[in-house]
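Working notes, beginning with the structure itself.
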Amino acid sequence: MREEEIAKILKPKGKSGVLILMFFICLGIAIVCIGIPFYIKYEGTKDPQDFLKIVSNGEEEEGEYVEINIAYLPELLAVDPEENSNYYYIADEEEHIYIAKISDKTLEHLNSIYDETTGKLNSGYPLKGFTYNIDMQLQQITLRNMGQIFEGQELNADNFSDYFSRVYIDENQFPVSDRTVTLYKIVALIGLFFLILAVGFILPGIVKARKISRNNELTEELRMELAHMTETPYAGYKLYLTGKYIVSGMAAIRYEDIIWGYVQAVSRYGIKTGRELIVYTKDKKRHTVLSVSSKSTAPDVVLDDLYNKIPQMRVGYNEENKSFFEHYKKEK
């Protein structure tokens with residue numbers, strides 16, 4: 001084989017450089033996609049508005065992030081059986097009454113700082129959350145139970161706004177629509193895909209490339225091996241069978257280390273999309289040395305070639321060879 005051809009095959013720095021670039025691109029996409037939902041939520045909850053101020057100005061709207069200082073222990077208004085939070089009446093220091101949806105965890109904390117002597121919390125609790133419009137159902141529930149708060153007063157839908165704001169506070173629910181939640185999930189899944197691609201596939205390639213580039217002794221040995229090759233029938237697949245090694249992509253596998261090889265079909269959604277040549281080595285590692293289209297017979301030809309060079313290797317995917325490898329892993 002000519003020197004310029006060998007140089008292209010054994011050019012790990014160039015190969016690893018491309019892989020490193022791909023790694024950082026994929027990692028960057030993953031960070032952006034996974035980070036977008038968290039960033040949007042962080043931005044939306046960074047600076048809560050003063051709930052009392054916007055209510056007194058008549059400026060309360062749905063979807064605002066607010067804060068109110070609770071001075072009294074909340075009183076149960078309605079139970080939400082589907083969540084770990086319920087609707088409560090809450091009151092500030094001036095005993096203004098509002099409606100809030102509070103988690104069981106928060107309520108437990110409020111009970112721990114409640115002073116039975118004063119009938120108040122030991123210290124005001126800053127409840128933070130998003131505002132939601134009080135719908136007809138919640139209004140009707142509130143009207144049925146308002147007697148426990150406003151005794152002896154005539155309460156109805158017409159004068160409801162005289163006693164309560166148009167909105168209630170939910171301390172847990174981030175105000176996004178189902179469509180937006182679905183979009184966030186899709187974006188996060190895209191990020192997860194690129195993260196797996198970067199860490200699970202590209203990074204091992206970088207490690208292999210740099211391992212070869214740093215091992216001068218191995219590089220020189222491979223150079224000599226390739227130089228003695230007079231025929232390269234699998235060069236189109238970037239695969240070379242030298243006197244001692246399979247050289248495939250970033251991998252250089254010594255024949256004496258191979259204990260088992262077989263060809264497997266690759267399928268997606270039940271449709272065959274390709275064929276791969278798999279080999280296992282003495283260190284119990286699995287290597288894909290060739291991946292081609294489903295119609296190619298190259299993996300079978302290469303496997304036959306390997307078997308001629310390594311007559312002691314196991315060939316074919318069957319129960320006997322699977323059992324052999326399982327025992328091999330346990331013994332070693």
Next item on the list: Please check if atom NZ in Lys309 has more than 12 non-hydrogen atoms from other residues, nucleotides or ligands closer than 6.0 Å.
Entry: yes
Margin query: For Tyr255, give me all partners under ring pair (Phe, Tyr, Trp, His ring centres under 6.0 Å), at least two apart in sequence or on another chain.
Written below: none
Note to self: Can you give me the closest heavy-atom contact between Tyr163 and Asn159, atom names plus distance?
What the structure shows: CD1-O, 3.2 Å
Next item on the list: Would you name the heavy atoms of Gly58 and Arg166 that are closest together and state the gap between them?
Entry: O-NH2, 3.8 Å
Notebook entry, point to check: Should the pair Arg314 and Phe325 be classed as cation-pi, given the thresholds of under 6.0 Å to the six-membered ring centre and 45° from the axis?
Noted result: no
Notebook entry, point to check: Under 3.5 Å, is there a donor-acceptor pair linking the side chains of Glu62 and Thr131?
Noted result: no
Checklist line | Tyr114/Tyr72 aromatic ring centres below 6.0 Å | finding: no
Note to self: Quick check on side-chain hydrogen bond (donor to acceptor under 3.5 Å, both in side chains): which of Glu108, His109, Glu171 does Ser103 satisfy it with?
What the structure shows: Glu171
Note to self: Looking at every non-hydrogen atom in both residues, tell me the closest pair between Lys282 and Ile259 and how far apart they are.
What the structure shows: CG-CG2, 3.7 Å
Notebook entry, point to check: Does CZ belonging to Phe24 count more than 12 external heavy atoms closer than 6.0 Å?
Noted result: no
Check: Is a salt bridge present between Glu326 and Lys329, judged by a nitrogen-to-oxygen distance below 4.0 Å?
Finding: yes
Item checked: Side-chain (Asn321) to main-chain (Val315) donor-acceptor, under 3.5 angstrom -> yes
Check: When you check the gap from the basic side-chain N to the acidic O, do Glu93 and Lys120 get nearer than 4.0 Å?
Finding: yes
Check: How many angstroms lie between atom CZ of Arg254 and atom OG1 of Thr242, to the nearest 0.5 angstrom?
Finding: 9.0 Å
Next item on the list: Answer with yes or no after comparing the ring centroid distance for Tyr234 and Tyr240 against a 6.0 Å cut-off, counting only values under it.
Entry: no
Next item on the list: Answer yes or no: does atom CD of Glu116 have more than 12 heavy-atom neighbours from other residues, nucleotides or ligands under 6.0 Å?
Entry: no
Next item on the list: Answer yes or no: does atom OH of Tyr317 have more than 12 heavy-atom neighbours from other residues, nucleotides or ligands under 6.0 Å?
Entry: no
